[in-house]
Amino acid sequence: MDYKYITQLLERYWECRTSLEEENILKAFFSQKDVPEELLRYKALFDYTLSEPKEEVLGDDFDEKIMSLINEPAPVKARIITLQQKLKPLFKAAAVVAIMLTLGNAAQVSMNDEAPQSPVSGLNATHKGRSVALGDSAAIDTMQHSSIDAVGTSATSILK
């Protein structure tokens, strides 16, 4: 049998000049059981469509379903914001400032100390000089009265 037409179609196929109908002719030819020996090497190339499963095609109503989903108004969820939620960034900022001031104060105190002192030695130390709190207090502590010079204000003027 002469397969001249199939050979010509194969040549045009390799040159990319075949139409879809001609490619379908080649697929139909190579899907047969009896293919000549010289064309058997091309059978796997054109027979792949039979072994692959059919692709799922979108239905006619696919566009309508997508458009209805797009055009649906999205539900708006209202959130109630409490005062605590509004002030939370301010609380965080205040905490950062407090930490920075504490660390700065601790660094300043540690830089000013010339000789290291034990924490217990500062408990028994007495301070000489004017006390800021002494003028404001109504009653003077008896232990401090002996070690601190009293300010010249009378207790009666404070208690008016």
Side-chain angles (χ1 to χ4, degrees), residues 1-137 141 143-144:
M1 182 173 221
D2 190 18
Y3 298 105
K4 190 175 194 180
Y5 180 65
I6 298 297
T7 310
Q8 288 175 354
L9 283 179
L10 280 174
E11 288 175 15
R12 290 182 61 205
Y13 180 79
W14 297 125
E15 294 172 357
C16 301
R17 293 187 299 142
T18 56
S19 65
L20 290 177
E21 293 142 3
E22 292 171 335
E23 289 179 18
N24 287 334
I25 292 171
L26 287 171
K27 288 178 187 176
F29 175 77
F30 286 107
S31 65
Q32 298 173 7
K33 289 183 182 178
D34 53 342
V35 176
E37 186 71 33
E38 64 269 5
L39 300 176
L40 195 58
R41 60 184 171 176
Y42 303 119
K43 181 174 174 112
L45 179 66
F46 293 100
D47 201 22
Y48 71 93
T49 56
L50 299 175
S51 63
E52 286 186 359
K54 296 269 184 175
E55 292 183 16
E56 292 184 26
V57 179
L58 299 176
D60 295 333
D61 60 340
F62 176 76
D63 291 334
E64 294 171 9
K65 288 179 183 178
I66 295 296
M67 291 306 290
S68 67
L69 290 174
I70 291 172
N71 293 332
E72 253 181 37
V76 178
K77 295 181 181 178
R79 281 183 46 193
I80 298 173
I81 299 175
T82 63
L83 183 63
Q84 183 180 8
Q85 289 173 336
K86 285 182 183 178
L87 296 178
K88 189 177 273 191
L90 292 176
F91 293 152
K92 289 179 181 179
V96 168
V97 168
I99 290 171
M100 294 303 290
L101 288 175
T102 303
L103 291 175
N105 190 19
Q108 184 180 12
V109 168
S110 68
M111 295 288 182
N112 289 339
D113 287 344
E114 293 176 12
Q117 297 177 354
S118 67
V120 178
S121 66
L123 294 177
N124 295 330
T126 58
H127 300 285
K128 303 230 185 247
R130 295 183 86 156
S131 174
V132 178
L134 190 59
D136 293 344
S137 62
D141 189 10
M143 287 187 64
Q144 287 184 357

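Residues satisfying the side chain to side chain contact (heavy atoms under 4.5 Å, CB included) criterion with L40, sequence neighbours excluded, are V35, E37, K43. D60 pairs by the side chain to side chain contact (heavy atoms under 4.5 Å, CB included) definition with nothing, not counting sequence neighbours. Partners of Q8 under the side chain to side chain contact (heavy atoms under 4.5 Å, CB included) rule, at least two apart in sequence or in another chain, are K4, Y5. Listed by chain and residue number, L87 satisfy the side chain to side chain contact (heavy atoms under 4.5 Å, CB included) test with F91 (two or more places apart in sequence, or in another chain). Partners of D34 under the salt bridge (charged side-chain N to carboxylate O under 4.0 Å, His left out) rule, at least two apart in sequence or in another chain, do not exist in this structure.
Nearest approach of S110 to A107, heavy atoms of both residues: OG-O, 2.9 Å.
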Pairs of donor and acceptor atoms involving the side chains of residues 12-25, under 3.5 Å and at least two apart or interchain, shall be tabulated with distances.
unit_1: R12; atom_1: NH1; unit_2: E22; atom_2: OE2; d: 2.7
unit_1: R12; atom_1: NH2; unit_2: R17; atom_2: O; d: 3.2
unit_1: R12; atom_1: NH2; unit_2: E22; atom_2: OE1; d: 3.4
unit_1: E15; atom_1: OE1; unit_2: R17; atom_2: NE; d: 2.8
unit_1: E15; atom_1: OE1; unit_2: R17; atom_2: NH2; d: 2.4
unit_1: T18; atom_1: OG1; unit_2: E23; atom_2: OE2; d: 3.1
unit_1: S19; atom_1: OG; unit_2: E22; atom_2: N; d: 3.4
unit_1: E22; atom_1: OE1; unit_2: S19; atom_2: N; d: 3.0
unit_1: N24; atom_1: ND2; unit_2: L20; atom_2: O; d: 3.3

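Applying the salt bridge (Lys or Arg N to Asp or Glu O under 4.0 Å) rule to pairs touching residues 77-92 yields nothing, sequence neighbours excluded. Residue pairs satisfying the ring-ring contact (aromatic ring centres under 6.0 Å, His included) criterion with at least one member in residues 16-38, sequence neighbours excluded, are listed as follows: Y3-F29, F30-F46.
Of the candidates T102, L103, V97, V96, L103 is the only one forming a side chain to side chain contact (heavy atoms under 4.5 Å, CB included) with I99.
Atom CG of residue L10 and atom OG1 of residue T7 lie 6.5 Å apart, to the nearest 0.5 angstrom. Between L45 atom CG and L39 atom CG the span is 12.0 Å, to the nearest 0.5 Å.
The number of heavy-atom neighbours closer than 6.0 Å to CD of Q84, taken from other residues, nucleotides and ligands shown, is 12 or below.
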